[in-house]
Amino acid sequence: MKLPGLDFEISPLLALGLGLGIVIYITYSLYLAALPKPIPGIPYNQESAKSIWGDIPLLAEARYRRRWAWAQPREHGAPLSQIFIFPFRTPTVVVSDYREVVDILARRAREFDRGTRTKECIGFVAPAFHFTMETSDPRFKSNKKLIRDLMTPKFLNNVSAPRIYDKALALVTLWKLKSSKAHGRPFLATEDLYSATLDMICVAAFGMENAKSALQQAISHVQSTYPTIPTEHEEAPADFPIPPTIPELDALFDGPKMVSIAQSSPFPGISQFLALLTPEHARAHWNRKTLIMGQIDKSLQRLLQSGSDGCESALDQLLLQEMNAAKKADRLPDYYSPAIRDEILGYLVAGHDTSAATLSWWVKYMAAHQPVQARLRDALRQAHFEAYRDSRLPTMKEICDSPVPYLDAVIEETLRCAAVAALIVRTSTCDTQILGYHIPKGTDVLLALAGPSVTEPALHVRESDRSPESQECKDQVPYWGDDVSEFKPERWLKQVKNADGGDEEVFDPYAGPTLAFSAGPRQCFGKRLAYMKLRTVMTLLMWNFEFQPLHEELNTPELIEILVNLPEDCYVKLAKA
Ligand code: HEM
């Protein structure tokens, strides 16, 4: 037998042996390449290091994969540890300590940048969204320029606030209708909170018309249908029929689903690619792009007719920015650029699930903590005294301008306890160290925004292992005490002397650790908009409804890990406030 490229003959048996040898060699090399390569000195699960699947089986068995990850350092009795969750790749280091996380995010941002993991998870949905980019990427700077006005007080107050207020009122209308049709029974709240926050972000993003409003759709549906009310048990919830979906909105809901598919897979790119082959995701992907392009057309018409005075949405603002930048650079504007398309898509995806999930936890906390609810309602009635006296709703201006320390405390405590975004990733840009442990360049570092020191007792960390800057800031934010795991808004209040020498209770944002919006130069861009939404929805719901206690089966602490941490059950049982 003659093999190609060889000018001598070999026996078939030898050829078979050779072939087999090559296959075994390649398989063994792949096996060795896939085996975890622990970073020396950092604790890890010894058994996991012996398998190409690393920690994946442990992660798959865990009730909650995010909790499993942030708990790893505690399991090893160390301030940090490493896990093997991606075959063929370097280990991921886990840091679960508030002060160290803040040090990395805020003071060592050059050593730890965005990195590949975020790109892999969000890059399929919005590849030109600045969230996916490293800070050193030149596109990051130009994208940030494009969106820089969206969180200014002027834009928020003039453009976003009135639209958010309208949608919060529509939620009140929907819940008044539902609660009357439910005859005092509890009903599911998650979908409605998702619809409300989707409407809010859509109207803020592109001034979406009422016909495309998820809340309007839900209101019309409840008006024309009746819920099923189970008779066997007095506390059983009323079941409202699901309203028909709006394809464009469905397409937006699909964005976070795609990110979530990537987040829960050891092969994020392949998983998203396979998902896109299914009709459901392919259709949504196409509808998303069509929706954005259609909205750009509408925005452009509006701007051409009324100029900058016609600016009604974030997309209008982006197009105006592009118009002015093109004029300045003496070039043609590119209104349909991937940057504009993906920044607006990113604004929708980043701003929707996070707010909806936070509000879902909040309604649960209100039902479970009746004294907190009573105190909050009282604080709101005192702060908006005139509105209460005149039996009217507080206006958006009153909601934005009146200080209500207890409301700030409830918002902050909800964000801390709900921890809807519990883990973020950075990648080391150089050989460096964390708490004295060597970290090679290119290592993914998982930073816990919840767990030890934020929602659980802190881990022991030697002060001398921290950076000098971190040691200098030691007492800026004291760690929480034994009650760290409890929902207790009062922890965010402190007494100060006012101008008249009397005692005054004020909100203290530095009372203790929280990382709901992360920290440092890459922290949440939409934080101000998020606070505005939470403030408005919480005020108007508290003003109109009492959230009555729920049967324990309807208010459990269980959660679903999608893009964010969403409560598994979220019901409301409403009475008139
Ligand atoms: C309760 C609501 C929200 C929570 C808890 C939240 C939380 C977060 C967190 C934890 C990050 C990661 C930051 C990091 O990697 O350091 C983030 C990033 C981001 N968020 Fe939010 N977010 C919320 C609402 C919003 C809203 C309403 C918007 C905009 C409409 C928004 C836009 C963004 C953007 C653009 C980024 C990426 C920032 C960057 O890469 O520089 N978020 N958010």
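Counting starts at 1 for both ligands and their atoms, in listed order.
For the residue pair R110 / S136, no side-chain donor-acceptor distance below 3.5 Å is found, with atom types taken as modelled. Under 3.5 Å, the side chains of Q263 and R66 contain a donor-acceptor pair of N or O atoms. A donor and an acceptor atom, one from each side chain of T135 and R522, are located under 3.5 Å apart.
Each of R288, K289, K212 was evaluated against E248; a single residue qualifies, K212, per the salt bridge (charged side-chain N to carboxylate O under 4.0 Å, His left out) test.
The shortest non-hydrogen separation linking W492 to A409 is CD1-O, 3.6 Å.
Between F525 and F517, the ring center distance fails the sub-6.0 Å criterion. Ring centers of F547 and W362: under 6.0 Å apart, within the cut-off.
Numbered from 1 in the order shown, with element, the atoms of ligand 1 that lie under 4.0 Å from a heavy atom of F517 read 2 (C), 3 (C), 4 (C), 5 (C), 6 (C), 23 (C). The atoms of ligand 1 that sit less than 4.0 Å from any heavy atom of F129 are 35 (C). Which parts of ligand 1 touch F131 is read off a 4.0 Å heavy-atom cut-off, strictly below it: atoms 18 (C), 19 (C), 36 (C), 37 (C), 40 (O). Here is the list of ligand 1 atoms found below 4.0 Å of a heavy atom in A530: 2 (C), 24 (C). Set against the non-hydrogen atoms of S518, the atoms of ligand 1 under 4.0 Å away are 13 (C), 14 (C), 16 (O). Annotation for ligand 1: atoms under 4.0 Å from non-hydrogen atoms of A516 are 5 (C), 7 (C), 10 (C). Within ligand 1, the atoms closer than 4.0 Å to a non-hydrogen atom of T358 are 1 (C), numbered from 1 in the order shown. Near L449, meaning under 4.0 Å from one of its heavy atoms, ligand 1 places the atoms 10 (C).
Closest to atom 24 (C) of ligand 1, if we only count protein heavy atoms, is T354 OG1, 3.4 Å. Protein heavy atom in closest approach to atom 26 (C) of ligand 1: G351 CA, 3.3 Å. Among protein heavy atoms, atom 14 (C) of ligand 1 sits closest to R522 O, 3.1 Å. For atom 29 (C) of ligand 1, the nearest non-hydrogen atom of the protein is G526 CA, 3.7 Å. Taking atom 34 (C) of ligand 1 as the reference point, the nearest protein heavy-atom neighbour is F525 CB, 3.7 Å.
Residue T556 holds its OG1 atom at 10.0 Å from OH of Y571, rounded to the nearest 0.5 Å. In this structure, K257 NZ and D250 CG are separated by 6.5 Å, a value rounded to the nearest 0.5 Å.
At least one heavy atom of R114 sits less than 4.0 Å from an atom of ligand 1. Proximity of I201 to ligand 1 is established by a heavy-atom distance of less than 4.0 Å.
Across the listed options S355, A204, C524, C524 owns the non-hydrogen atom lying nearest to atom 22 (N) of ligand 1.
Ligand 1 has a nitrogen or oxygen under 3.5 angstrom from a nitrogen or oxygen of R426.
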Where do H352 and F253 land on the ring pair (Phe, Tyr, Trp, His ring centres under 6.0 Å) test, with the steps shown first? CA-CA 9 Å; H352 176 221; F253 277 128; 5.3 Å; yes
Under the side chain to side chain contact (heavy atoms under 4.5 Å, CB included) rule, what do W543 and V172 come out as? Steps first, then yes or no, please. CA-CA 10 Å; W543 202 265; V172 171; over 6 Å; no
